[in-house]
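To start, the structure itself, in structure tokens.
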Amino acid sequence: MKQKIEGLIIQAVEKLMAEGVLNLDTTPAIMIERTRDAQHGDFASNLALVLAKPAKLNPRQLAEKIIAALPINDAITKIELAGPGFINFFVNPNMQYAVIKQIHELGHSFGLSTIGKGKKIQVEFVSANPTGPLHVGHGRGAAYGSAVSDLLEAVGFEVHREYYVNDAGRQMDILATSIWLRYLEVCGEHVTFPSNAYRGDYARTIASDIYNNDKDNYRRTIELVLEDIPADEPDGGDKDEHIDALIARMKTLLGPVLYREFFQIGLATILEDIKLDLIEFGVDYQQWFSERQLMDDSSVENALERLRIGGYLYEQEGATWFSSSQLGDEKDRVVIRENGQYTYFASDIAYHMNKLDRGFDQIIDIWGADHHGYVPRVKAAIKALGADESKLNVLLVQFAVLYRGEERVQMSTRSGEFVTLRQLRSEVGKDAARFFYLMRRSEQHMDFDLKLATSKSNDNPVFYVQYAHARVCSVLRQLDEKGWGKNLLLGLENLEKLTEEHESSLLATLARYPEVLERSALQYEPHQLVIYLRDLAHDFHTYYNAHQFLVDDEVLRNARLSLICAVKQVLANGLGLLSINAPESM
RNA sequence: GCGCCCAUAGCUCAGCUGGAUAGAGUAAUCGGCUACGAACCGAUCGGUCGGGAGUUCAAAUCUCUCUGGGCGCACCA
């Protein structure tokens with residue numbers, strides 16, 4: 001309908017151009033939008049206001065000319081000139097009924113589109129270090145990333161969801177050592193736990209499991225472990241030197257093979273936990289991409305070689321630098337440290353080269369907002385690798401600030417003081433948690449009050465939407481109990497019976513769904529869909545309270561049933577895209 | 001100090017690529033079940049869109065500036 005009116009306007013403009021009334025080289029893209037107020041018709045165009053200046057006419061005069069030039073079309077019952085020069089279109093109510101038939105025809109695929117043309121998009125999100133369970137901060141990225149991915153798929157892109165596993169580097173060594181020290185405790189050694197180690201309970205759990213399976217296999221006496229180890233911070237030393245020395249000691253005492261084994265057990269356990277957690281949260285990946293693999297198959301080496309050939313690398317003070325500053329970054333970055341180790345950035349360059357080489361049309365990285373300073377250097381790397389930087393789109397998700405009532409909850413993986421995503425799910429449920437995360441714009445700082453989310457969970461807006469769906473189901477159950485049965489065909493043939501105001505506004509809302517989906521996907525804004533679903537649920541609840549569906553008049557009854565079944569379908573489609581349940585009853 | 005993000009009703013947030021009278025939820029007050037589920041609906045109350053200047057026929061939306069918050073400025077990941 002929207003496109004139809006747009007077509008009419010374009011015809012009118014072309015006509016005026018041919019007549020010499022208008023003289024333009026380009027026609028503006030924005031032409032028509034849905035009105036907010038029913039008094040302004042169904043659609044409105046600001047064309048005359050935009051073109052007034054180049055046409056050297058006053059807006060209302062121009063609007064009159066445009067209206068006069070508009071072709072006659074029976075889909076439009078009235079065209080009005082309003083306000084400073086708006087052109088308002090009133091759509092033939094009979095046209096509005098078409099959406100119901102369309103919804104029943106297409107079912108769960110109503111709203112889907114092919115605008116993505118099968119283009120391949122890679123979406124990388126969450127990618128939290130596997131040094132502990134996911135916390136509620138990761139939850140927002142997980143909900144957002146999966147929703148964006150699913151939406152893109154719904155509008156015709158081929159989406160590849162990926163989690164980058166940082167299974168190399170010092171943090172992982174610290175984790176292995178943390179678990180090992182807990183293991184030694186289980187073995188009966190008296191360990192003073194380092195201040196810089198991972199203190200969460202999960203390290204103890206993993207340690208106990210290892211002990212149960214392998215007994216004393218990895219045990220070394222604490223005296224051997226601590227011999228000549230520099231003091232920890234609480235004892236007047238340096239916490240980094242302390243933990244690094246312990247890591248080195250663990251490696252020498254266990255030897256490379258046992259160390260590797262132990263390390264792998266810790267990594268695998270945590271990674272499995274994360275995978276399961278995410279699946280239960282409605283997040284599924286096509287690929288878990290290992291950073292270590294980039295090291296092992298010399299991808300990092302190759303990536304740096306490519307930069308070197310391009311003339312982007314140089315040596316200074318014993319380190320190797322990437323001259324990213326000439327490509328938009330604020331300063332150059334080290335890729336190989338003085339000690340010969342690659343930096344994290346080096347493997348990230350290799351990872352992005354790998355993404356580019358896999359032939360994606362678009363690459364989307366979803367990061368926490370604390371990484372925003374990292375964007376220019378990755379873009380610089382993309383450019384240095386010879387690719388177009390617009391191929392990479394970095395979407396930043398702001399932090400969710402946690403509160404328990406008035407009190408702010410501190411989040412730190414290291415200290416082990418954090419609320420896990422799993423805890424959140426068990427307290428408020430997957431549906432409520434996802435809905436809560438997704439209803440806010442991702443760039444918006446968000447307050448997440450756990451106390452409110454748990455104690456008043458009935459006020460959670462997700463129930464409002466789910467209730468609308470369950471209510472339709474309930475009506476259908478009542479229908480069966482009355483022994484009336486549903487005659488959809490009869491209803492669809494008599495949709496003109498739907499003349500109530502509530503009915504026409506519901507029709508208009510239903511018709512908006514495909515547009516909302518498209519916008520929501522192309523702008524990476526799932527919250528638009530969430531807000532739409534709330535609007536749709538509201539229109540339905542209002543209608544429900546104002547009119548009876550199960551009336552004696554069989555024709556009217558079935559017309560209304562076909563309408564509310566369409567509502568049910570769209571609610572289910574929308575919720576489904578957000579991986580939120582649409583329950584039959586609640 | 002430099003850079004990025006944010007600021008809309010008491011609180012939590014929408015406001016669609018600038019558009020007509022800035023909207024929801026929640027809190028407060030009042031009203032609606034002998035009804036297809038009241039986990040709902042309706043009404044009232046509540047706003048200098050952080051302040052100021054500019055661009056425009058039109059600014060919450062764009063530009064500049066100031067204020068106030070968040071985050072980032074490693075040979076950490």
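Letters A, B, ... are given to chains in the order of the sequence lines, protein chains preceding strands, and every chain is numbered from 1.
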Specify the separation, in whole Å, of atom [atom1] of [X] and atom [atom2] of [N].
X: A:R60; N: B:A20; atom1: CZ; atom2: P; result: 16 Å
X: A:W484; N: B:C36; atom1: CH2; atom2: C1'; result: 10 Å
X: A:R440; N: B:C11; atom1: CZ; atom2: P; result: 14 Å
X: A:E501; N: B:C41; atom1: CD; atom2: P; result: 17 Å
X: A:M439; N: B:A14; atom1: CE; atom2: P; result: 8 Å
X: A:Y464; N: B:C40; atom1: OH; atom2: P; result: 7 Å
X: A:Q523; N: B:A14; atom1: CD; atom2: P; result: 14 Å

Determine the Euclidean distance between corresponding [atom1] atoms of [M] and [N]; express it in Å to zero decimal places.
N: B:G10; M: B:A27; atom1: C1'; result: 8 Å
N: B:A28; M: B:G46; atom1: C1'; result: 10 Å
N: B:C13; M: B:C76; atom1: P; result: 37 Å
N: B:U17; M: B:U29; atom1: P; result: 39 Å
N: B:U67; M: B:A24; atom1: C1'; result: 29 Å
N: B:G15; M: B:A60; atom1: P; result: 16 Å
N: B:C49; M: B:C6; atom1: C1'; result: 14 Å
N: B:U21; M: B:U65; atom1: C1'; result: 31 Å

Applying side chain to side chain contact (heavy atoms under 4.5 Å, CB included), name anything that partners [X], two or more places apart in sequence or on another chain.
X: A:A248; result: none
X: A:R170; result: A:I174, A:N196, A:D240, A:I243, A:D244
X: A:A350; result: A:L294, A:S299, A:V300, A:A303
X: A:E338; result: none

>> With a sphere of 6.0 Å drawn around CD of A:E501, does it hold more than 12 non-hydrogen atoms of other residues, nucleotides or ligands?
In response: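 Not more than 12 within 6.0 Å, no.
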> Stepwise, does the salt bridge (Lys or Arg N to Asp or Glu O under 4.0 Å) test hold for A:K497 with A:E503?
Replying inline: CA-CA 10 Å; A:K497 292 271 180 187; A:E503 288 162 346; over 6 Å; no
Could you identify the nucleotide paired to [N], looking across every strand shown and requiring Watson-Crick or G-U wobble geometry with both distances under 3.5 Å?
N: B:C11; answer: B:G25
N: B:G19; answer: B:C57
N: B:C64; answer: B:G52
N: B:C71; answer: B:G3

> Does A:E515 pair with A:R34 as a salt bridge, N-O distance under 4.0 Å?
Replying inline: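 So A:E515 pairs with A:R34 through a salt bridge.
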>> Between the side chains of A:R308 and A:E315, is the shortest nitrogen-to-carboxylate-oxygen separation below 4.0 Å, so that they form an ion pair?
In response: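 Between A:R308 and A:E315 there is a salt bridge, with a charged N closer than 4.0 Å to a carboxylate O.
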> How would you list, by chain and number, every residue that makes a side-chain hydrogen bond (donor to acceptor under 3.5 Å, both in side chains) with A:D329, sequence neighbours excluded?
Replying inline: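 side-chain hydrogen bond (donor to acceptor under 3.5 Å, both in side chains) list for A:D329, sorted by chain: A:S324, A:R333.
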Looking for any heavy atom pair under 4.0 Å, which part of the strands does [X] touch: base, sugar-phosphate only, or nothing?
X: A:A468; result: nothing
X: A:S585; result: base
X: A:M172; result: nothing
X: A:H40; result: base
X: A:D539; result: nothing

Selected nucleotide, minimal atom distance to [X] side chain, candidates [options]:
X: A:E33; options: B:G19, B:G37, B:C5; answer: B:G19
X: A:M586; options: B:C40, B:A14, B:G37; answer: B:G37
X: A:S474; options: B:U12, B:A20, B:G37; answer: B:G37

>> Taking the ring of A:Y513 and the ring of A:Y532, is the distance between their centroids below 6.0 Å?
In response: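 Centroid distance A:Y532-A:Y513: below 6.0 Å, so yes.
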> Is the A:F289-A:Y351 ring centre distance short of 6.0 angstrom?
Replying inline: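 Yes - the distance between ring centres of A:F289 and A:Y351 falls below the 6.0 Å cut-off.
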>> For a quick check, with a 4.0 angstrom heavy-atom cut-off, what is the B/S/- contact string for nucleotides 54-61 of chain B, read 5' to 3'?
In response: --SB----
>> Within the 4.0 Å limit for protein heavy atoms, which parts of nucleotides 70-77 of chain B are touched? Write it as a string from 5' to 3', B for base, S for sugar-phosphate only, - for none.
In response: SBSSSBSB
What protein N or O atoms touch nucleotides 42-46 of chain B N or O atoms at under 3.5 angstrom, if any, and at what distances?
residue	atom	partner	partner atom	Å
B:G42	OP1	A:H538	NE2	3.4
B:G42	OP1	A:T542	OG1	3.4

> Where along residues 546-556 of chain A does a heavy atom fall under 4.0 Å from RNA chain B?
Replying inline: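 Only A:H547, A:Q548, A:F549, A:L550 qualify.
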>> What residues from residues 525-536 of chain A pass a heavy-atom cutoff of under 4.0 Å to RNA chain B?
In response: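 Heavy-atom contacts with RNA chain B come from A:H527, A:I531, A:R534.
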>> With the six-membered base ring of B:A20 as reference, does the ring of A:F86 sit under 5.5 Å away with planes under 30° apart?
In response: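 The ring of A:F86 is stacked on B:A20.
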> Ring stacking, A:Y544 with base of B:C36, under 5.5 Å and under 30°?
Replying inline: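 Taking the rule of under 5.5 Å and under 30°, the ring of A:Y544 does stack on B:C36.
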>> Reading RNA chain B from 5' onward, which residue's closest nucleotide shows up sooner: A:R441 or A:Y467?
In response: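 Checking each residue's closest nucleotide, the 5'-ward one belongs to A:R441.
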> Just to confirm, is there a sub-4.0 Å distance from OP1 or OP2 of B:A14 to any side-chain nitrogen or oxygen of A:Q444?
Replying inline: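 The answer is yes; a side-chain N or O of A:Q444 sits under 4.0 Å from OP1 or OP2.
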>> Quick check on B:A39: is either OP1 or OP2 less than 4.0 Å from any side-chain nitrogen or oxygen of A:Q466?
In response: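 No, because none of the side-chain N or O atoms of A:Q466 sits under 4.0 Å from OP1 or OP2 of B:A39.
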> Pairs in or reaching into residues 33-53 of chain A: which pass ring pair (Phe, Tyr, Trp, His ring centres under 6.0 Å), with residues at least two apart or in two chains?
Replying inline: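 Listed by first then second residue: nothing to list.
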> Say you draw a straight line from CG of A:D348 to CG of A:N354; how long is it, rounded to the nearest 0.5 Å?
Replying inline: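 Spacing of CG (A:D348) from CG (A:N354) equals 11.5 Å.
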> Can you tell me how far OG of A:S127 sits from CD of A:E291, rounded to the nearest 0.5 angstrom?
Replying inline: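 Reported to 0.5 Å precision, the distance equals 10.5 Å.
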> Does a side-chain heavy-atom distance below 4.5 Å link A:L392 with A:D365?
Replying inline: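 Yes - at least one pair of side-chain heavy atoms lies under 4.5 Å apart.
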>> Checking A:E80 now: which residues fulfil salt bridge (Lys or Arg N to Asp or Glu O under 4.0 Å) with it, not counting sequence neighbours?
In response: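 A:K78.
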> Within 45° of the six-membered ring axis of A:F263 and under 6.0 Å from that ring's centre, is NZ or CZ of A:R292 located there?
Replying inline: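 Relative to the ring axis of A:F263, which defines the angle, A:R292 lies inside both limits.
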>> Looking at A:F322, I'd like to know if the NZ or CZ of A:R377 sits under 6.0 Å from its six-membered ring centre while staying within 45 degrees of the ring's axis.
In response: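 No, cation not above the ring by the 6.0 Å, 45° rule.
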>> With ring pair (Phe, Tyr, Trp, His ring centres under 6.0 Å) as the criterion, how do A:Y467 and A:H541 come out once you've worked through the C-alpha distance, each side chain's angles and the decisive distance to 0.1 Å?
In response: CA-CA 9 Å; A:Y467 182 46; A:H541 286 309; 5.4 Å; yes
